[in-house]
Amino acid sequence: MILLDKDINDLQMLISEADIQKKLDVLAKDIESIFDENEDIYVICVLKGSVMFCADLVKRFKNNIQMEFIRISSYGHETKSTNNLQAIDLTLPNLDDKNVLIVEDIIDTGLTARFLTDLFKIKHHPKKLVFASLLNKKCARQVYIDPDFYGFEIDDKFVVGYGLDYKGYFRNLPYIGYFPD
Ligand code: IMP
């Protein structure tokens, strides 16, 4: 029995697979250009939503990469942020004096990005700290924060696909879409 209250047939395309992949070519070049080409980059993938974006992004990098994974949850099963961050796993190696790139799927209220930026500055003392997000919902911001790099600015819509989920579903879609009201 399927309990999901959204039907994939109702999903409207917002950003196509081709547009995402084209944007990643540009983003990867822009991000890499701020690091010295001989320097390692520690890429921090914020699970679960960034899994697709992060995997596709790092494939384009020419620098030596180390990948680390942390897990934070803020939405639960809702389509509005609960404003209640749950740090599920923040285990990381020593990143003192390292080049760190945090990779997020979307910045919505900004609470997660603010939490992570503060955490990395206070706890890890990186040499360079860079924040990249595929999507930027600027109009939904509750705290002042902006990523150093982002792919697309979007309206205040709940989106799914390419890592982003509704109740755990739709992460596997290669494009980003939304359910009309
Ligand atoms: P923020 O802390 O409100 O900026 O939200 C950050 C997290 O909420 C993201 O990393 C996503 O996992 C989740 N999120 C925010 N907006 C959406 C959306 O439109 N669809 C799916 N997940 C979202």
Side-chain angles (χ1 to χ4, degrees), residues 3-17 19-20 23-24 27 31 43-58 67-92 100-123 129-181:
L3 295 172
L4 191 58
D5 55 336
K6 303 267 187 212
D7 185 336
I8 193 161
N9 295 311
D10 298 329
L11 194 61
Q12 301 285 309
M13 168 91 72
L14 187 64
I15 309 170
S16 71
E17 180 177 10
D19 284 348
I20 293 172
K23 180 68 79 172
L24 292 201
L27 257 186
I31 293 171
V43 178
I44 316 295
C45 176
V46 185
L47 295 173
K48 297 178 187 173
S50 316
V51 62
M52 304 283 185
F53 173 42
C54 192
D56 282 348
L57 190 69
V58 292
M67 289 182 79
E68 298 292 338
F69 301 86
I70 57 176
R71 196 166 154 206
I72 294 185
S73 173
S74 63
Y75 261 58
H77 278 344
E78 305 307 320
T79 56
K80 281 275 164 222
S81 177
T82 55
N83 286 3
N84 192 4
L85 286 192
Q86 219 188 328
I88 297 169
D89 185 4
L90 296 176
T91 312
L92 286 168
V100 172
L101 170 66
I102 303 176
V103 179
E104 255 285 41
D105 50 356
I106 185 166
I107 303 190
D108 181 17
T109 63
L111 291 168
T112 308
R114 162 64 55 222
F115 168 76
L116 287 174
T117 307
D118 290 350
L119 177 82
F120 273 77
K121 281 189 186 147
I122 292 164
K123 198 170 164 204
L129 180 64
V130 178
F131 202 107
S133 177
L134 179 65
L135 304 177
N136 193 358
K137 256 192 227 175
K138 278 190 190 173
C139 50
R141 219 53 115 246
Q142 289 179 19
V143 290
Y144 176 75
I145 185 122
D146 225 15
D148 301 297
F149 297 93
Y150 66 89
F152 304 91
E153 184 173 342
I154 63 166
D155 293 340
D156 194 5
K157 283 188 170 71
F158 186 78
V159 292
V160 297
Y162 199 63
L164 292 137
D165 75 306
Y166 174 65
K167 298 189 178 177
Y169 291 91
F170 307 116
R171 291 191 200 278
N172 56 313
L173 301 176
Y175 58 89
I176 290 167
Y178 67 99
F179 293 99
D181 301 326

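Whatever order the structure lists them in is the order used to number ligands and atoms, beginning at 1.
Here Asp165 has backbone heavy atoms under 4.0 Å from ligand 1, and that is the only part of it that gets that close. Contacts with ligand 1 closer than 4.0 Å are made by side-chain heavy atoms of Lys137 only, the backbone lying farther away. Residue contacts with ligand 1 for Thr109 involve both N, CA, C or O and side-chain atoms from C-beta outward (heavy atoms, distance under 4.0 Å). Contacts of Asp105 with ligand 1, taken as heavy-atom pairs under 4.0 Å, involve the side chain alone.
Contact between Gly110 and ligand 1 is present, with at least one heavy atom of the residue lying under 4.0 Å from the ligand. Ligand 1 does not have Arg114 within reach: every non-hydrogen atom of the residue lies 4.0 Å or more from it.
When Val143, Leu14, Leu116, Val159 are checked for heavy-atom proximity to atom 21 (C) of ligand 1, Val159 turns out nearest.
A donor-acceptor contact closer than 3.5 angstrom links the side chains of Tyr166 and Asp5. Side-chain atoms of Asp56 and Tyr162 form a donor-acceptor pair, as typed in the model, at a separation below 3.5 Å.
Distances below 4.0 Å separate heavy atoms of Lys157 from the following atoms of ligand 1: 19 (O). Per-residue contacts place Glu104 under 4.0 angstrom from the following atoms of ligand 1 (heavy atoms of the residue considered): 10 (O).
No option in Asp89, Leu119, Ile44, Ile102 other than Ile44 meets the side-chain contact (heavy atoms from CB on, under 4.5 Å) test with Ile70. For the pairing with Leu135, the side-chain contact (heavy atoms from CB on, under 4.5 Å) check across Leu164, Asp108, Leu14 returns one residue only, Leu164.
Legend: residues meeting side chain to side chain contact (heavy atoms under 4.5 Å, CB included) with Arg114, ordered by chain and number and at least two apart, are Asp118, Val143, Ile145. Applying the side chain to side chain contact (heavy atoms under 4.5 Å, CB included) rule to Val51 yields the partners Leu47; only residues at least two apart in sequence or on another chain are considered.
Between Phe152 and Leu134 there is a side-chain heavy-atom pair separated by less than 4.5 Å.
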